[in-house]
Amino acid sequence: MNQDYIIPNNWSIIEEGFDAARVKSSESLFSIGNGAMGQRANFEEYYSGSTFQGSYIAGVYYPDKTKVGWWKNGYPEYFAKVLNAPNWIGIHVEINGENLDLAACQKVENFRRELNMKEGWLSRSFEATMQNGIQVHVNAVRFLSLDLDELGAIRYAVTPMNSEAKVVFKPFIDAGIQNEDTNWEERFWETLSVHESDNQAFVLSRTLKTHFTVATYMHNSIYINNVVTDVKPLESKKSTHTLVYSYEIAAVKGQTVSLQKLGGYVSSMNHPVESLIVAAKNVIQKGSELGFETLLENQKKAWAQIWEMSDITIDGDVKAQQGIRFNIFQLNQTYLGKDARLNIGPKGFTGEKYGGSTYWDTEAYCIPFYMATKNQSVARNLLVYRYNQLDKAIENAKKLGFKNGAALYPMVTMNGEECHNEWEITFEEIHRNGAIAFAIFNYYRFTGDYSYIPEKGLEVLIGIARFWHQRTTFSTHKNQYVILGVTGPNEYENNVNNNWYTNYIAKWCIDYTLEQIEKVNNEYSLDYIRIMNKVKLSQAEMDGWKAVADNMYFPYSQELGVFLQQDGFLDKELITVADLDLSQRPINQKWSWDRILRSPYIKQADTLQGFYFFEDHFTKEALERHFDFYEPFTVHESSLSPCVHAIQAAVLGRMEQAYTFYLRTSRLDLDDYNKEVHEGLHITSMAGTWMSIVEGFGGMRVKQGKLTFEPRIPKEWKGYSFKINFRNTIVKVNVTHEGASVSSEGNKALEVIINGDSQLIS
């Protein structure tokens with residue numbers, strides 16, 4: 001834990017007291033989104049201190065030219081950047097001619113910020129003594145509408161406390177934005193035009209290269225003591241990229257004057273370019289007709305509907321409760337499953353780091369959450385997303401020398417093309433292919449919906465199997481097939497031979513693909529004929545696959561009774577994390593890369609990732625041996641690490657350790673364990689937090705088509721509950737120290753297994 005200023009609360013993230021050193025961290029933690037757009041919790045008013053301004057539009061990106069010290073054949077031409085979008089939230093405020101700026105005030109008191117997760121809004125209030133002696137109370141409320149997902153709303157209220165004051169609101173929109181992470185210090189947007197009419201303003205801008213066109217808009221209303229007034233703009237200032245209105249109000253002491261600002265984006269992803277201004281005006285009209293209060297009430301209802309299905313309750317542990325709800329809230333702010341063109345980026349709408357919108361995180365961690373808390377169509381859309389990019393995956397593999405329809409899905413992508421430009425990731429972290437295949441298996445296992453495989457999924461599986469077949473090498477020394485020069489999930493090991501997890505999932509992918517080919521042939525003959533005609537798959541090729549799968553090499557220590565993470569792992573100086581000086585942590589910020597690569601330290605579950613995916617392939621005793629060997633070398637410096645270890649510790653009955661891992665994953669960002677929250681939140685790993693409770697403590701599995709539970713409970717909790725949408729039946733699980741109960745909503749009877757006993761619930 002590296003920070004502890006977020007006040008524990010069951011339903012809200014709360015910060016009290018202004019501290020300039022926390023501003024960037026809080027901008028991440030208090031971020032808001034609605035699946036279509038999102039933004040960091042930047043101040044509306046001008047702030048001269050250190051800040052990271054960030055607003056983002058789902059699906060809009062820029063292919064920033066790759067920048068590396070030494071170009072290697074096969075590098076992607078670009079690194080896809082999540083675009084920092086034009087700023088619509090800005091409201092400069094002048095009090096008696098002086099800018100309101102918290103970095104420049106004499107005093108800031110009673111500062112309070114709240115992100116209300118139950119109702120989906122952000123508020124901030126404070127009392128400021130300005131350099132001119134005027135004291136003002138400010139209260140700002142902001143939200144991004146779930147119902148009208150192109151609309152955001154702000155109510156910014158100022159009350160002079162010690163004298164009358166001339167208050168000037170200067171709301172603006174600004175398209176002169178540049179990403180913090182640009183490779184070449186370039187602008188990614190060009191401004192096409194700036195328009196104004198009757199308290200409304202529009203900036204039409206277009207991304208360079210990708211040519212997404214966006215209309216950023218605002219509409220302003222002035223209120224005095226909550227009564228709308230007919231205050232007209234004193235002036236408007238238009239420049240190449242911006243438009244600023246000025247509204248002047250003479251406020252008496254104790255009188256509240258406020259600006260209500262509607263704003264947001266309409267983009268060419270959803271509207272014809274020539275109609276964007278008209279579309280923005282239509283959104284403004286809808287928002288204005290409803291009004292701020294009705295929009296806010298609708299927001300509360302929309303979030304209540306989300307929480308009805310996705311909430312996890314924890315009794316007796318406020319920090320644990322706050323942590324899981326924060327994770328669930330941010331997942332739903334990032335992706336709601338409404339648009340099959342979108343995916344779940346690792347930072348969501350909270351920062352620019354990593355780039356891209358899609359990682360293997362989606363398949364490995366996020367799909368289980370969305371399968372169980374939405375309906376199966378949402379998870380299916382995520383699988384369709386990968387199918388739609390199969391041709392690009394084949395192109396990616398072809399660029400690296402693979403042929404005959406072999407598919408290598410990208411490590412990072414926006415449109416299916418690989419756009420990650422670190423060689424040890426781009427070329428070597430090929431295990432991502434396995435997660436794509438596993439998600440297809442996992443989807444069918446959970447939903448019982450096989451239709452995706454004959455319709456689309458089998459083509460994906462065949463492309464992946466072809467890749468694994470070609471990527472292996474036959475070792476005459478070992479008389480087995482090996483996979484050389486890879487990076488496993490543990491990114492603190494690069495260019496290793498025979499990473500166990502990679503070899504294991506490669507073998508599994510081939511075996512699973514062969515099984516599905518046979519099943520589709522037997523049960524979906526028309527689909528089988530269509531697919532075989534398309535992919536030109538022969539029996540001889542499949543025999544070659546099977547030879548590889550049946551004779552794959554797995555590094556193993558007879559002495560220790562464990563699979564080795566990779567060849568040569570035991571040659572390392574095996575000093576456990578417990579013996580590592582705390583001053584050296586996190587090692588990714590303290591050590592050279594050379595030193596990290598030579599160390600035994602593991603960033604996240606690697607061998608244990610395989611034991612998580614394929615739990616039923618191994619005995620509990622084998623899991624225990626591997627957990628006891630690898631976890632002591634694991635530094636958990638990946639956000640994806642604590643959740644897998646929490647689940648496995650729970651399986652092993654080590655509830656104290658499981659609870660510790662749960663707190664770390666659920667409060668990874670809230671407590672800033674890895675000293676990087678100012679860069680943005682770890683969205684995709686938040687699904688792992690949900691898994692820690694549902695699969696870890698709840699022991700939920702699907703075995704032979706039946707939903708099973710082996711519930712456990714940490715001693716720190718009095719009880720917990722969650723819901724699962726299993727094959728269109730809503731199942732509710734309640735666990736206390738006295739026992740567990742499972743019930744269903746609706747009239748459909750369902751057989752579930754609890755601690756080995758069959759129960760029929762309805």
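Just so it is clear, the values below take in all heavy atoms, side chains as well, and ignore hydrogens, waters and symmetry mates.
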ask   = So, D4 and R667, do they make that salt bridge, N to O below 4.0 Å?
value = no
task = Identify the heavy atoms of R386 and Y409 that sit nearest to each other, and give their distance.
result = O-OH, 2.9 Å
Any P632 side-chain heavy atom under 4.5 Å of V577 side chain = no
message = List the residues meeting ring-ring contact (aromatic ring centres under 6.0 Å, His included) with H420, not counting sequence neighbours, and say none if there are none.
response = F79
Shortest non-hydrogen contact between E695 and I647, atoms and distance = OE1-CD1, 3.9 Å
key: SB check E493 K572 (cutoff 4.0 Å)   = yes
Ring-ring centroid check H678 F52, cutoff 6.0 Å = no
key: Worked check of side chain to side chain donor-acceptor pair (under 3.5 Å) between S666 and N327   = CA-CA 7 Å; S666 69; N327 285 254; 5.4 Å; no
query = Checking R325 side chain against M117 main chain: does a donor-acceptor pair fall under 3.5 Å?
reply = no
query = After noting the C-alpha distance and the side-chain angles of D579 and T576, does the key distance pass the side chain to side chain donor-acceptor pair (under 3.5 Å) rule?
reply = CA-CA 6 Å; D579 294 320; T576 65; 3.3 Å; yes
query = If you take all heavy atoms of G323 and L670, which pair is closest and at what distance?
reply = CA-CD1, 4.1 Å
Beyond-backbone contact of M655 with T660, side-chain heavy atoms, under 4.5 angstrom = no
request  = Check salt bridge (Lys or Arg N to Asp or Glu O under 4.0 Å) between R701 and all other residues, then give those that pass, not counting sequence neighbours.
outcome  = E615
message = Regarding S592 and D594, do their side chains bring together a donor and an acceptor under 3.5 Å, going by distance alone?
response = no
message = Suppose we call two aromatic rings close when their centres sit under 6.0 Å apart. Are W690 and Y370 close by that rule?
response = no
query = Listed by chain and number, what are the side-chain hydrogen bond (donor to acceptor under 3.5 Å, both in side chains) partners of N588, not counting sequence neighbours?
reply = Y492
task = Considering only NZ, NE, NH1 and NH2 on the basic side and carboxylate oxygens on the acidic side, decide whether D628 and R654 come within less than 4.0 Å.
result = yes
key: Check ion pair R124-E114 (N to O, under 4.0 angstrom)   = no
inquiry  = So N34 and M37, do their side chains get closer than 4.5 Å, heavy atoms only?
reply    = yes
task = Look at the side chain of D669 and the backbone N and O of D672, then say whether any donor-acceptor pair between them is shorter than 3.5 Å.
result = no
query = Ring centres of Y501 and F563 under 6.0 Å apart?
reply = no
Any side-chain heavy-atom pair of Q609 and I505 under 4.5 Å = no
Salt bridge present between E637 and R585 (N-O < 4.0 angstrom) = yes
key: T358 vs I344 side-chain heavy atoms within contact, under 4.5 Å   = no
message = Classify the ring geometry of W717 against F697: parallel below 30°, tilted from 30° to 60°, perpendicular beyond 60°.
response = perpendicular
request  = Can you sort out the partners of T634 under side-chain contact (heavy atoms from CB on, under 4.5 Å), two or more places apart, ordered by chain and number?
outcome  = I602, H636, S641, H645
request  = Check whether any side-chain N or O of D317 sits under 3.5 Å from a backbone N or O of A320 as a donor-acceptor pair, and report yes or no.
outcome  = yes
query = Taking atom CD of Q178 as the centre, does the number of heavy atoms from other residues, nucleotides or ligands within less than 6.0 Å exceed 12?
reply = yes
ask   = Under 4.5 Å between any side-chain heavy atoms of I324 and Y662, yes or no?
value = yes
key: Check: Y365 ring centre within less than 6.0 Å of F369 ring centre   = no
task = If the plane angle is over 60° it's perpendicular, under 30° parallel, otherwise tilted; pick one for F613 and F438.
result = parallel
Expected output: side-chain T665 to main-chain F661 donor-acceptor under 3.5 Å = no
key: P410 backbone acceptor or donor facing T413 side chain under 3.5 Å   = no
query = Of all heavy-atom pairs between E119 and N116, which one has the smallest distance, and what is that distance?
reply = N-OD1, 2.8 Å
Donor-acceptor pair, side chain of Q39 and main chain of S31, under 3.5 angstrom = no
request  = Among K347, K24, K353, find the residue that satisfies the side chain to side chain donor-acceptor pair (under 3.5 Å) test when tested with E679.
outcome  = K353
task = For the pair Y720 and F722, name the ring-plane relationship: parallel under 30°, tilted 30 to 60°, perpendicular over 60°.
result = parallel
ask   = Less than 4.5 Å apart, any side-chain heavy atom of Q566 and any of W500?
value = no
ask   = Any donor and acceptor pair, going by atom type alone, linking the side chain of N499 with main-chain N or O of V496 inside 3.5 Å?
value = no
message = Donor-acceptor pair, distance only, cut-off 3.5 Å: does the side chain of S638 make one with the backbone of L640?
response = yes
key: Audit row: N84, E352, side chain to side chain donor-acceptor pair (under 3.5 Å) steps and yes/no   = CA-CA 8 Å; N84 202 335; E352 298 163 14; 3.1 Å; yes
Contacts of S55 that satisfy side-chain hydrogen bond (donor to acceptor under 3.5 Å, both in side chains) - sequence neighbours left out = none
message = Using every non-hydrogen atom in the two residues, find where T51 and E180 come nearest and quote the distance to one decimal.
response = O-OE2, 4.0 Å
ask   = Quick one: do the E15 and S26 side chains pair a donor with an acceptor below 3.5 Å?
value = yes
key: Any donor-acceptor pair under 3.5 Å from R40 side chain to T350 backbone   = yes
ask   = Taking the six-membered ring for Trp, are the ring centroids of W303 and F143 within less than 6.0 Å of each other?
value = no
query = Taking the side chain from N490 and the backbone from K603, do they hold a donor-acceptor pair closer than 3.5 Å?
reply = yes
query = Within a strict 4.5 Å, meaning less than it, do heavy atoms of the V694 and I312 side chains meet?
reply = yes
ask   = Taking only residues two or more places apart in sequence, or in another chain, which ones meet Y56 in a ring-ring contact (aromatic ring centres under 6.0 Å, His included)?
value = none
key: Qualifying residue, where the test is ring pair (Phe, Tyr, Trp, His ring centres under 6.0 Å) with Y630 and the options are F611, Y612, Y601, F569   = F569
ask   = Atom CZ of R432 and atom CD1 of I430: how far apart are they, to the nearest 0.5 Å?
value = 8.0 Å
key: Cation-pi check, R112 onto F126 ring (under 6.0 Å, within 45° of axis)   = no
Closest non-hydrogen atom pair between S25 and Y5, with its separation = CB-OH, 3.6 Å
Inter-residue atom distance R22.CZ - L29.CG, 0.5 Å rounding = 10.5 Å
